[in-house]
Amino acid sequence: MESNWASEHLLVIRTLMERAAVYRRALAPMMLLSGVVGSAAAAAGLGLGIDSPRGFIGYWLAVSVVPLVGSFLLVRREALREREPVWSPPTRRVAQAVLPALTAGLLVTLVILVKVGDADVPLGNVLGMAWLPLGWVILYGCAIHAAGFFMPRGIKLFGWIFIVGGCGLFAAGIPDLPRITFAHGVMGLFFGALHLAYGIYLYFTENKKQAA
Amino acid sequence: MNPEPFLQLDRVIHEKGRLPIVSLLAASPELSFTEIRDTLDMTDGNLSVHLRTLQEAGYVGVTKTFQNRKPLTTCSLTPAGKRAFANYINLLEQIVQQAKKV
């Protein structure tokens, strides 16, 4: 009897300690923003015919700044509304978790950007350029999965979708498509459509939880 | 069964309203008043009363600052609070272990 009571107390303590370490701020708006920007940028990239290695890298590096800055502003707005510090312990933990994989992606990208020089060659012919988006997808998946240890459960699964999807496409090889379509398509599918779908899911499930 | 561990449980922590607060603070270097209130679904008044009790026991430190001209109250466990919580967990584990032996 006393043992059951003590076990229940320990379980409650563990659950609460886990909950204290979980980051939840502005997830749905951040996902929706990233999804919309990713989808629009992929369509624009295709439309504009950005197919040089430097153009492709530069274009997507510039695009990535938009959801990054937008997400920070969304988080900041919510924190101020709730009268909480923006740089809260859970936020710090998530930032620390995503940093290694994102830094690796950025450094590899910068090295490729420098190495390709000004070579005016089609996308995919220099340093396996068509594989670069898949590298981004896999590293981004690793970053998201790492952050998932300090976020709601679904985030880890979201990270796995990127990792498995990226590796799967890597194994399958480039389909019989123009390289530019493949490269921007991968970016649009993973960084656009997947974020959008997860954002919509979070938007409705979080609203439902709040209403309950 | 030896009733000793049960009798040693810290009554400041061993209370329905205060145990969750201490548990949350044990998992984080500091938490704002609103974070604790929203996570535990407590009222402002109820949380304030429990925090005051924990503060008077020397288990919780409360800092009041301003962020963008808005008041911000942050709470954290003091070293004494951390020791008391660790001791509380040990006693609960002892109770569970003792029951398993019986």
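This structure is a prediction, so every number in the text was calculated from the model and none was measured.
- Interface remark: B:E93 contributes backbone and side-chain atoms alike to the contact with chain A (heavy atom separation under 4.5 Å).
- Counting heavy atoms from C-beta on, the side chains of A:I13 and B:L92 come closer than 4.5 Å.
- Applying the 6.0 Å contact sphere to CZ of A:R77 captures no more than 12 heavy atoms from other residues, nucleotides or ligands.
- Proximity to chain A is limited to the side chain of B:L9, based on heavy atoms less than 4.5 angstrom apart.
- Only the side chain of B:F85 comes within contact range of chain A, with at least one heavy atom under 4.5 Å from a heavy atom of that chain.
- Under a cut-off of 6.0 angstrom, the local environment of CG in B:D44 is crowded, with over 12 non-hydrogen atoms contributed by other residues, nucleotides or ligands.
- One finds the NE2 atom of A:H9 at 10.5 Å from the NZ atom of B:K16 (value rounded to the nearest 0.5 Å).
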